Structure formats: C-alpha cells, structure tokens
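Here's the structure we're looking at; comments come further down.
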There are 2 protein chains.
Amino acid sequence: MSQAAPQRPRAERTRIAVLEAAEAIFAEKGFAATRLEDVADRVGIRRASIVYYFKDKQELYHAVLAGVFGGLLEKISAALSRPDPLPARIEAGVGAWVDYVGARPSIARLILREVADAAPGHRPAVLEHTRPFFDLIRQQVFERDGGAIARLSPIDPVHLASTIAGATVFFVAAMPALLPDLVLDPVSPAHLAAHREEVLGIVRRLLGTQGPRKTRPARRRASGPEE
Amino acid sequence: MSQAAPQRPRAERTRIAVLEAAEAIFAEKGFAATRLEDVADRVGIRRASIVYYFKDKQELYHAVLAGVFGGLLEKISAALSRPDPLPARIEAGVGAWVDYVGARPSIARLILREVADAAPGHRPAVLEHTRPFFDLIRQQVFERDGGAIARLSPIDPVHLASTIAGATVFFVAAMPALLPDLVLDPVSPAHLAAHREEVLGIVRRLLGTQGPRKTRPARRRASGPEE
DNA sequence: GTCTATAGAGAGATAGAC
DNA sequence: GTCTATCTCTCTATAGAC
C-alpha cells in the first residue's frame, strides 16, 4: 500500500507483470502467434528483459499454465475436500470450476487451445498440469466414502467432466466471440450464475441425483404443441 | 472408377487434395503454426503450387472453413426442415450436428481454435460462415409453427446452442488429448452414439420436454449415501 | 500446372554495455 | 535488472523456367 516500501522487490514485481501479460496474450492469440515483443510492450519493458526471467518462450508459456492450473486445482481441491456427502461435494466442485473460469476467463481460451493442439504424437503441454486433477478426483470422489459414487450412478466420469468442461469454456469464450452484436458479458455475475445453474442441472441429471423437478416440470403430451 | 478417364480434371483433383490436406493441418496445428510446406508435402507437391490455386495462406484457410461449414449447414438444414413437429425437429438437428462432427472431426478443432481466437476488436474468420446458421435456426425453429418454441420452454437458445456445441467439440477433441493413455476413439460408432444420447438428454432437459424418465429414475433420499 | 530460386519480412535468441 | 545491437533461422510470397 505504501509506495516507499514496496512489499515485493522489483524483480518479483516485474516477473509477475510478465506472467500476467503473457497469460492475457497467450490466451488471446495462442502460442505461435504471440510475439514476445507484444508481451514486453504490455509490461512496458523490452523484449530482452523477458528472457532475463524466462529462458525462452516455451518456459514462459509453461509458467503461465502452471499459474493458471495451480490456482484452479486449489479451488477445486478445497471444494471436493469438504466434509459433505457425495453429491453435494461434486456440485461444490463444479461450482468452484465455473466460478474460477468466470473470475479468470483467460483459462477458458488457454484450455480451448491446448485441446485443439493435442494430436496423436504430440503430448500437449497441458498434460503436465492435469495429472493432479485426476489424482484429486480419484481420491475425493472415487475412493472416499468407500466408493459411494458407484451407488449413485454408472455415469462415465470422464464423459461427465468433458461435458462440463466443454460447456463452460465454450460459454465463456464463445458467447462474445460468435455473437459480437450482443452486448453480453458471460462473465457478469448474472450470466455466470445462470450458467452455473444450468451446468449443475446437467450434473444432477447425469448423476441421477436430480430429485423431484421443481423449476421446470416435464410437460406431458396433453396440451403440447405436437400436431 | 476407371483410371483412363478420370472424372475430374487434374487441376480440380489437385485443388481438392490441397483443401483436404489443409483442413487436416490447420485443424491440427492452427493457422499461425501451419506451414504451407507441410500442406504441400502432404499432397506431394511443392509449396509454390499451392499458390497457383489459392492466392495466399489466408485464402486457403477461408476456403477450408467454407467447405467444412458448408457441409455442416447442409446436414443441419436438412434435419430442421423436416415436416415433424418441433421438439423432434430440434432433436434431429442436434443429432445431425453430432454425427457431422463425428464424421469430420477436424471441424471440432477448427471451431475450438476459432472460438479461442475471437477477441474484442478481432472479428474471427468463422463469423462469415456462421450467419447462415443463425438464419436457419430463426426460420426453422423460431418463426415456423407460429412460435411454438416459446410455448415449449423459456430457455435461451444461444445458451442451449453454446452448451451443445461446447460439449460435442470438447468431447471429440479433448478425450484423446487429455487421456492419451486410454485407447479410446470418441468418433467410434459406440462412443459417438453414447455422446449423442447424452446431448439429447441435455437438450430435452433444457427444453423441458424430457417426459417421464425411464432409463435412470431419480433416486429419492430413502437409501442414498447421504449421511 | 508444377517446378526452382530468391527476395524480404518477422521474430526468437544471444552478447554485451550500462 | 534493463537496455541496444545483432545474429540467425524460418516461412511467406514472388519471379520466372519448363
């Protein structure tokens, strides 16, 4: 808060500024199209100074991914580790995921790019950062409570995770992209809350924990629009 | 079928071969990282020959998008134009979407990249190809049958479309990417059918046309794992 | 139509001054 | 720590032969 005694030494502040700028530009343009000069411009330094902190472009990129996925793992881990019983914990984890992407939307684009980049024979960079998530889910969802998940639903967890992840990153990144005419910010509290509810509904449906449907009862074909 | 009298002149065959090779490599590597030399190698010609057919890299890229989205529009249009009543027609459209992506999976990666590329101030290339889809949906879903859709559900159609699109492209592109250990081909008939059913379930739930649930009844909290 | 050869721009990496 | 200067490589685009 005081300018006379900065909390962090200059080097660390610069390093963080480089990481933040790189996160934004890698997310926006992708690895190949990002120029280190753009990152430097955004920070207000020269290109060569970036190399003082990060050996090369690859290392900078990996540092960006580590920061983004590290923060995500923290949030999801906290949600899944709570003492609640199973369906509630899964919903808390999904909610944490949606909230994190909303708060740090560049992760949506970074994930979209990593997924698109992955190809047979090309281990995507993101793989180094996803293993902790699989470990976490195995421990907190499958092994805890003596395999209670199996009694809940036979749903394929990979399939479920893929659907949730895809729906959210697409929502956050694609809405402004494909509908630029709409002045619609998917990350605004109202839209994000709506998306979270929608995703949670999908989770409940796929887990079979939907319970009695209150908000939108299924219409029987009594007076429907069918011919 | 006969080699002596090829159906198409050589020029057209080469042009098509270039387009197919470019589709695969743009999908795999993205626009910036794709080298025209890679495309040429795949076709078995030299880089300069590509320029004979396509003025430059941008034009080749747009031609690829036009081909991919043109094919998709054709399939979805056919499904939505059928004489069936509304919920069935929407389901047919969604099914056509899933089947098309399964049959031509490079579209999944191309869409992922286009969405990630879109940024404020940067009209993504894909926008030129998506307008016909909006027109189609407006005509066949919202205006036809005298606005029957409004009686079905208050769901935001953009939201619904985003969820479906995201779930499918993510499923097709991300499963092999993030889980390379699994020998799992998302495009195989069995997995694709499972995904189609899952997506249709989401559609029905979001449209409120789910009807009585047969396959996976909601468990009441009688004997569940809740503590 | 397809090729070879080359021009020219762009951007990452490095060396070394301050 | 941050800078300037430069080296080097890659890749697009073009010109022109066959």
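Values below: all heavy atoms of this structure, side chains included; hydrogens, waters and symmetry mates excluded. Remember, predicted model here, so these are calculated numbers, not experimental data. In what follows, chains are A, B, ... by sequence order, proteins preceding strands, each numbered from 1.
We find that CG of B/L60 is positioned 16 Å from P of D/dC11, with the value rounded to whole Å. Between the CG atom of A/D56 and the P atom of C/dT14 there is a distance of 8 Å, given to the nearest Å. Rounded to an integer number of Å, the gap from B/R10 CZ to C/dG1 C1' is 5 Å. The separation between B/D38 atom CG and D/dC11 atom P is 8 Å, rounded to whole Å. Atoms CD1 (B/I25) and P (D/dT12) sit 11 Å apart, rounded to a whole Å. Distance B/K57 NZ to D/dC11 P: 9 Å, rounded to the nearest Å. B/I50 places its CD1 atom 11 Å from the C1' atom of D/dT12, with the value rounded to the nearest Å. Rounding to whole angstrom units, CD1 of residue B/I45 and P of C/dC3 are separated by 6 Å.
Here B/A48 lies in heavy-atom contact (under 4.0 Å) with a base. Base engagement by A/R47 is indicated by at least one non-hydrogen atom pair under 4.0 Å involving a base atom.
For A/D41 and A/R47, the salt-bridge test fails: no basic side-chain N is under 4.0 Å from an acidic carboxylate O.
Close to C/dT4, at under 4.0 Å from its OP1 or OP2, lies a side-chain N or O of B/R46. Of the side-chain N and O atoms in A/Y52, one or more sit less than 4.0 angstrom from OP1 or OP2 of D/dG1. Between B/T14 and C/dG1 there is no side-chain N or O to OP1 or OP2 distance below 4.0 Å. A close approach under 4.0 Å does not occur between any side-chain nitrogen or oxygen of B/S49 and OP1 or OP2 of C/dG1.
The six-membered or imidazole ring of B/Y61 lies near that of B/F26, with a centre-to-centre distance under 6.0 Å.
Scored by the side chain to side chain donor-acceptor pair (under 3.5 Å) test, A/S188 finds A/H191 as partners (sequence neighbours excluded). Taking A/T163 as the reference, B/E198 meet the side chain to side chain donor-acceptor pair (under 3.5 Å) condition, with sequence neighbours excluded.
To the nearest 0.5 Å, atom CG of residue A/L65 and atom CG of residue A/L127 are 11.0 Å apart.
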